[in-house]
Asks: 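One structure follows; several queries about it will come next.
Remember, predicted model here, so these are calculated numbers, not experimental data.
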Amino acid sequence: GWILFYTGQYELADQYVSDLYRGKSMDGEGSILCAVANQAAGKFDKAIPYYTIAISNNPEDNDLLYARADCYMQNAQYRESLKDYNLLLTKKPKNTDYLLGRAICKKSLEDAQGAMVDFNKVLELDPKHANAHLERGRLKFKLGDERGAISDYDHCIANDPGNALAYCMR
């Protein structure tokens, strides 16, 4: 199955493993392969249940929980994603990726104040975090702070000169 995955044949990898476990309980390895294959194929709704199985088999694996949080977010299931990010942050409260994910969820759920707190926390921990500057700038623009938004876009560009979105937003 992994060979199919590594050659970009995500649907075949998922099908192979699904057929292998048909009628049986899927183990951690099979669920991880199916989860990753579906996520790579952009089938986030199909990846989520596989990640849930993988997490139940590997409850201490933060990477699996982080991947499921991303799938929830990509699938616009922000409340579910937020739950995963909150759990991750109880384990690693200073992880900037987890904080950024939670901030984006909060922004998507119209919790501008909570999102701003998390964006600021990311930038306290890593002042050069380009995506945090970009996303905070987008929130500032939405809230009517055009100058603050432009400043954040400029910081994003300074730290990630190839970030086309920041140039467009600017």
Asks: Determine whether Lys121 and Glu124 satisfy the following criterion, salt bridge (charged side-chain N to carboxylate O under 4.0 Å, His left out), listing intermediate values before the conclusion.
Replies: CA-CA 5 Å; Lys121 198 176 293 183; Glu124 284 172 23; over 6 Å; no
Asks: Between atom CD1 of Ile48 and atom CZ of Arg68, what is the distance when rounded to the nearest 0.5 Å?
Replies: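 One finds 8.5 Å between CD1 of Ile48 and CZ of Arg68.
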Asks: Within a radius of less than 6.0 Å around NZ of Lys91, do more than 12 heavy atoms belonging to other residues, nucleotides or ligands occur?
Replies: yes
Asks: Testing Arg136, Arg147, Arg170 one by one against Asp152 for a salt bridge (Lys or Arg N to Asp or Glu O under 4.0 Å), which residue passes?
Replies: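 The salt bridge (Lys or Arg N to Asp or Glu O under 4.0 Å) with Asp152 is passed solely by Arg136 among Arg136, Arg147, Arg170.
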Asks: Among the clusters formed by ILVMFWY side chains lying less than 4.5 Å apart, do Leu88 and Phe119 turn up in the same one?
Replies: yes
Asks: Aromatic rings Tyr85 and Tyr66: how do their planes relate, parallel, tilted or perpendicular, breaks at 30° and 60°?
Replies: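 It falls in the perpendicular class, over 60°.
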Asks: Which heavy-atom pair separates Arg102 from Asp118 by the least distance, and what is that distance?
Replies: NE-OD2, 2.7 Å
Asks: Between Leu143 and Met116, is any pair of side-chain heavy atoms under 4.5 Å apart?
Replies: yes
Asks: Establish whether Ile150 and Ile157 are linked, either directly or via other cluster members, by ILVMFWY side-chain heavy-atom contacts under 4.5 Å.
Replies: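 No, it is not one cluster - the side chains of Ile150 and Ile157 are not joined through contacts under 4.5 Å.
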Asks: When rounded to the nearest 0.5 angstrom, what distance separates OH in Tyr167 from OH in Tyr153?
Replies: 14.5 Å
Asks: NZ/Lys46 to CG/Asn38 distance, rounded to the nearest 0.5 angstrom?
Replies: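 It is 5.0 Å, given to the nearest 0.5 Å.
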Asks: How about Ile53 and Asn57: do any of their side-chain heavy atoms sit closer than 4.5 Å?
Replies: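 Counting from C-beta outward, Ile53 and Asn57 do come under 4.5 Å.
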Asks: Applying side-chain contact (heavy atoms from CB on, under 4.5 Å), name anything that partners Asn163, two or more places apart in sequence or on another chain.
Replies: Asn131, Leu134, Cys156, Asp160, Leu165, Ala166
Asks: Using 0.5 Å steps for rounding, measure from the CD atom of Gln74 to the CG atom of Asp45.
Replies: 12.0 Å
Asks: Could you give the distance from CG (Asn58) to OG (Ser31), rounded to the nearest 0.5 Å?
Replies: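 Interatomic distance, Asn58 CG to Ser31 OG, rounded to 0.5 Å: 7.0 Å.
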Asks: According to a hydrophobic-cluster definition based on side-chain heavy atoms being under 4.5 Å apart (Ile, Leu, Val, Met, Phe, Trp, Tyr only), do Leu109 and Leu89 belong together?
Replies: yes
Asks: Walk me through it: do Gln39 and Asp70 pass the test side-chain hydrogen bond (donor to acceptor under 3.5 Å, both in side chains)?
Replies: CA-CA 9 Å; Gln39 185 177 17; Asp70 180 62; 3.1 Å; yes
Asks: Could you tell me whether Arg138 and Glu135 make a salt bridge, using a distance below 4.0 angstrom between a side-chain N and a carboxylate O?
Replies: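 Looking at Glu135 together with Arg138, the answer is yes, because their closest N to O distance falls below 4.0 Å.
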Asks: Using 0.5 Å steps for rounding, measure from the CG atom of Asp97 to the CG atom of Asn62.
Replies: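 Those atoms lie 12.0 Å apart.
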Asks: Starting from the C-alpha separation in whole Å, work towards a yes-or-no answer on side-chain contact (heavy atoms from CB on, under 4.5 Å) for Asp61 and Ile55.
Replies: CA-CA 7 Å; Asp61 190 330; Ile55 291 164; over 6 Å; no
Asks: Tell me whether Tyr98 shares a hydrophobic cluster with Tyr72, the cluster being built from Ile, Leu, Val, Met, Phe, Trp, Tyr side chains joined at under 4.5 Å.
Replies: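 Result: no, two separate clusters.
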Asks: At their closest point, which heavy atom of His155 faces which heavy atom of Asn159, and how far apart are they?
Replies: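 Scanning both residues, the minimum pair turns out to be O-ND2, 2.8 Å.
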Asks: Closest approach of Ala115 and Ala103, non-hydrogen atoms and distance?
Replies: CB-O, 3.4 Å
Asks: Could you tell me which residues satisfy side-chain contact (heavy atoms from CB on, under 4.5 Å) with Ser108, sequence neighbours excluded, listed by chain and number?
Replies: Tyr78, Ile104
Asks: Shared ILVMFWY cluster between Leu139 and Met73, side chains joined below 4.5 angstrom?
Replies: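 The answer is yes; both residues are in one hydrophobic cluster.
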Asks: Taking all atoms of both residues into account, what is the closest heavy-atom pair of Leu125 and Leu99, and its distance?
Replies: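 The answer is CD1-CD1, 3.6 Å.
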Asks: Could you tell me which residues satisfy side chain to side chain donor-acceptor pair (under 3.5 Å) with Lys92, sequence neighbours excluded, listed by chain and number?
Replies: none
Asks: Under the side-chain contact (heavy atoms from CB on, under 4.5 Å) criterion, do Glu110 and Lys142 qualify, and how do the steps go?
Replies: CA-CA 11 Å; Glu110 304 297 325; Lys142 183 177 180 181; 3.2 Å; yes
Asks: So Glu146 and Lys140, do their side chains get closer than 4.5 Å, heavy atoms only?
Replies: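 SC-SC contact between Lys140 and Glu146 ruled out.
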Asks: Between Cys105 and Ser81, which heavy-atom pair has the shortest distance, and what is it?
Replies: SG-OG, 3.2 Å
Asks: Please check this pair: side chain of His133 against backbone of Pro127, looking for a donor-acceptor N/O pair closer than 3.5 Å.
Replies: yes
Asks: For a quick test of reading the model, state the closest non-hydrogen atom pair linking Val122 to Thr96 and the distance between them.
Replies: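 Closest approach of Val122 to Thr96, heavy atoms only: CG2-O, 3.8 Å.
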